[in-house]
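Heads up: the structure comes next, in structure tokens.
Every value quoted in this text rests on a predicted model; they were computed, and no experiment measured them. Positions are given from 1 along the sequence. Start at 1 and go down the list; that is how both ligands and their atoms are numbered.
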Amino acid sequence: MKRIAEGIYALEACGFVNAYLLEGANDLTLVDAGPAKTADALVEELADNGFRLKDVQRAIVTHAHADHCGALSLLLAKHRFKVYAHPKDIPALTGKTAAKGFRGLKGFCLGFYHEQFLPWEPLEVALPVETGQPVRGLPQWQMIHMPGHTDGSLGLFHPGKQILICGDALSNRCNSLHLPESSYLTDPEAARRTLGELAKIDCDILCCGHGPLLRGGAFRFIGKLL
Ligand SMILES: [Zn+2]
Ligand SMILES: [Zn+2]
């Protein structure tokens, strides 16, 4: 577990995916939870750092892809907490529709990889977030709709600490910040618009769904992608 700022941690148990832990005054919030196969490792990581799964009161899902939300049903079987997501990704999260976001041959291959190697159980229920409104129990974080990678991709911004958690709206893999390539975008036009919106955010630290943190004037790196 890496400390990003006071009460904000990056979880490292989920392999190539980043999940985050937000420590409140009385409870904990997960932002994503990684794939199903690392669910036990995530619980262990919490325990190794003095946190308990039973103190988790809510999870925010950045988007309904197996590598980010696959562990949730297994964690919920151990301990109940609320799961929030953008309304447009809730049907995929609850198994009402198939997950979207992959296009073309490359996208087909990635979708196949997810199905074969990252199987997961859909959630019974997920609560919709309202863009611009804080989630109950998480007053310092703004929920930001970031369509493009999926229609209901969601980010979290903490204005006081200037920290942006952006899921797969941007990736920082292979030592460069970039939009996911077009095969991995449900809506490339929306992704470009989202990028424009993100560049307006005064963000110092950027936490992507994949790849290392970007610290120190992260908004400048986002601006360069425009
Ligand atoms: Zn994704
Ligand atoms: Zn991902």
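- Remark: the backbone N or O of D168 is not paired with any side-chain donor or acceptor of S171 at under 3.5 angstrom.
- There is a side-chain donor-acceptor pair under 3.5 Å between H210 and D67.
- A salt bridge does not link K161 to D204: none of the charged nitrogens lies less than 4.0 Å from a carboxylate oxygen.
- The Zn ion (ligand 1) has H63 NE2, H65 ND1, H149 NE2, D168 OD2 as its protein N, O or S neighbours under 2.8 Å.
- For T186 and D151, the side-chain atoms include no donor-acceptor pair closer than 3.5 Å.
- Under the 6.0 Å cut-off for aromatic ring centres, H86 and H63 do not qualify, their centroids lying 6.0 Å or more apart.
- In terms of modelled atom types and a separation under 3.5 Å, the side chain of T38 and the main chain of G34 share no donor-acceptor contact.
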